[in-house]
Amino acid sequence: MNKNTNYGAGKWKVTVLSCGTHMNYKGALSSGYDQDLFIKLPYLAYLLQDGDMNILIDNGINERYVIDGKAWGGIPAWASSRDLLDSLSRNGLTPGDIDLILYTHLHNDHAGNANLFPATKSIAQKDEWENLLNPTYAELQRRDFDLDVVPYLKGNPNFIKIDGDLEIMEGIRLIKTPGHTRGSQSIVVNTTEGLRIFVGDLFHMPCCCFPWMTEMPDCDGVMHKITPAADNAPSLRSSLVYDCYSYYESVERVKALLPVMDPRYVICGHDPALFPRD
């Protein structure tokens, strides 16, 4: 077993960016476990910097998708483009300072602020773009995608669609991990703290990847007891899965890259433990 906690160390510094918060039922995101736990979760983006480049992983939800204080599924939400802009400002940045955006997927809460980056080089999977253009009936019912982002992405001359895995630069590799959506991808980064895999919503929270966990915080830092899986489940699948077969294959792809089965290596799309708090 590799016990090197600095496994995969590289040049990329990671900063967590708050894009707002929302309430959700944990059971909807973790195979029905803890159905009654209504918990505050974050919308998150991530900033990668090496001293020369500023790279965003996702860009959060836009206020046009929060209607009367409610977002997807009628859940209470406190989020807008201002959250992302304020998070960038706290790091001395504006949207014009971002050199590259890597989209884990194009759901409303991960690509909602594409309009702030009209010409920024951006990368998503080709299958994900096609999924956005042609959602399934269930995805339309759930309002998974913010279709208002289509003209912004289509009008971006530097929006690039790739097909499959790709090492895009030193210490950053894209791997296709479908299941949550048709073209979800994970970003494998050699950060200054070691290997980190940014999985988007393949796992909404660490307990989805590591079903043995027995507690988790909310966005206010309050710890909640949670139920570990009763069997040898490889993961806790959310109710928002496009293709279960692809999903479980993607779970194996991510876990194969981990030096040890430790939550520190997996950066989830809505992990309240990472939510920046004053």
Side-chain angles (χ1 to χ4, degrees), residues 12 17 19 43-48 53-62 64-65 72 81 84 95-140 142-189 197-203 240-243 245-247 249-251 253-254 257 267 269:
W12 294 100
L17 303 181
C19 296
Y43 299 115
L44 297 173
Y46 299 96
L47 175 66
L48 306 180
M53 291 192 70
N54 300 310
I55 299 175
L56 268 187
I57 297 177
D58 296 336
N59 58 37
I61 192 169
N62 190 277
R64 66 178 171 268
Y65 215 77
W72 167 89
S81 59
L84 174 66
D97 295 313
I98 300 302
D99 300 296
L100 173 64
I101 299 174
L102 303 174
Y103 287 111
T104 61
H105 60 301
L106 297 176
H107 272 178
N108 66 78
D109 53 338
H110 292 259
N113 290 309
N115 58 294
L116 299 178
F117 308 91
T120 303
K121 183 179 179 181
S122 305
I123 301 176
Q125 289 285 329
K126 177 176 176 285
D127 283 350
E128 186 66 7
W129 174 242
E130 293 176 353
N131 200 169
L132 170 64
L133 295 179
N134 187 30
T136 65
Y137 178 71
E139 290 169 321
L140 285 171
R142 293 191 306 242
R143 298 173 65 240
D144 292 348
F145 292 101
D146 178 358
L147 299 181
D148 286 340
V149 305
V150 172
Y152 299 121
L153 292 172
K154 187 175 288 187
N156 183 344
N158 298 306
F159 178 49
I160 299 168
K161 282 82 71 179
I162 67 169
D163 187 12
D165 300 354
L166 182 67
E167 184 171 357
I168 59 171
M169 63 185 69
E170 180 187 348
I172 300 181
R173 181 158 49 108
L174 309 180
I175 61 169
K176 191 173 181 181
T177 49
H180 176 60
T181 62
R182 193 188 314 168
S184 288
Q185 64 181 355
S186 296
I187 295 93
V188 184
V189 182
I197 306 176
F198 297 80
V199 296
D201 290 350
L202 178 67
F203 308 117
L240 301 169
V241 167
Y242 168 84
D243 178 347
Y245 289 98
S246 295
Y247 167 80
E249 289 175 1
S250 295
V251 170
R253 292 205 78 194
V254 168
L257 293 172
I267 309 300

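Values below: every heavy atom of this structure, side chains too, minus hydrogens, waters and symmetry copies. Predicted, not measured: the structure shown is a model, and the values here were computed from it.
- Here the closest heavy-atom approach between residue Asn156 and residue Ser122 is recorded as ND2-OG, 3.8 Å.
- The minimum heavy-atom distance linking Val149 with Ala111 is given by the pair CG1-O, 3.4 Å.
- In this structure, Asn131 and Phe145 have side chains that are in contact, with non-hydrogen atoms separated by less than 4.5 Å.
- A 4.5 Å side-chain heavy-atom check between Thr120 and Leu56 finds every atom pair outside the cut-off.
- Across Glu128 and Thr181, no two heavy atoms sit closer than the pair OE1-OG1, 2.6 Å.
- Checked against the 6.0 Å centroid threshold, His180 and Tyr242 do not count as a close aromatic pair.
- Within the 4.5 Å cutoff, no side-chain heavy atoms of His105 are placed close to those of Asp144.
- The two residues Phe198 and Thr104 have their closest heavy-atom pair at O-CG2, 4.2 Å.
- Residue Asn113 is tested with Asn59, Asp58, Asn62 for a side-chain hydrogen bond (donor to acceptor under 3.5 Å, both in side chains); the sole match is Asn62.
- Checked by atom type and distance alone, the side chain of Asp109 never pairs as donor or acceptor with a backbone atom of Tyr43 at under 3.5 Å.
- The 12-atom threshold is not exceeded at CD of Glu170, counting heavy atoms of other residues, nucleotides or ligands nearer than 6.0 Å.
- Residues Leu102 and Ile168 have side chains in contact (heavy-atom distance under 4.5 Å, counting atoms from C-beta outward).
- Side-chain atoms of Ile162 and Lys176, non-hydrogen and from C-beta on, never get closer than 4.5 Å to each other.
- Scanning both residues, Val254 and Leu202, for their nearest heavy atoms gives CG2-CD2, 3.7 Å.
- Using modelled atom types and a 3.5 Å distance limit, the side chains of Asp201 and His110 yield a donor-acceptor pair.
- Using a cut-off of 4.0 Å between Lys/Arg side-chain N and Asp/Glu carboxylate O, Glu249 and Arg253 are scored as not salt-bridged.
- Summarising the geometry of Asp243 relative to Tyr245, their closest heavy-atom pair is OD1-N, 3.0 Å, with the distance given to 0.1 Å.
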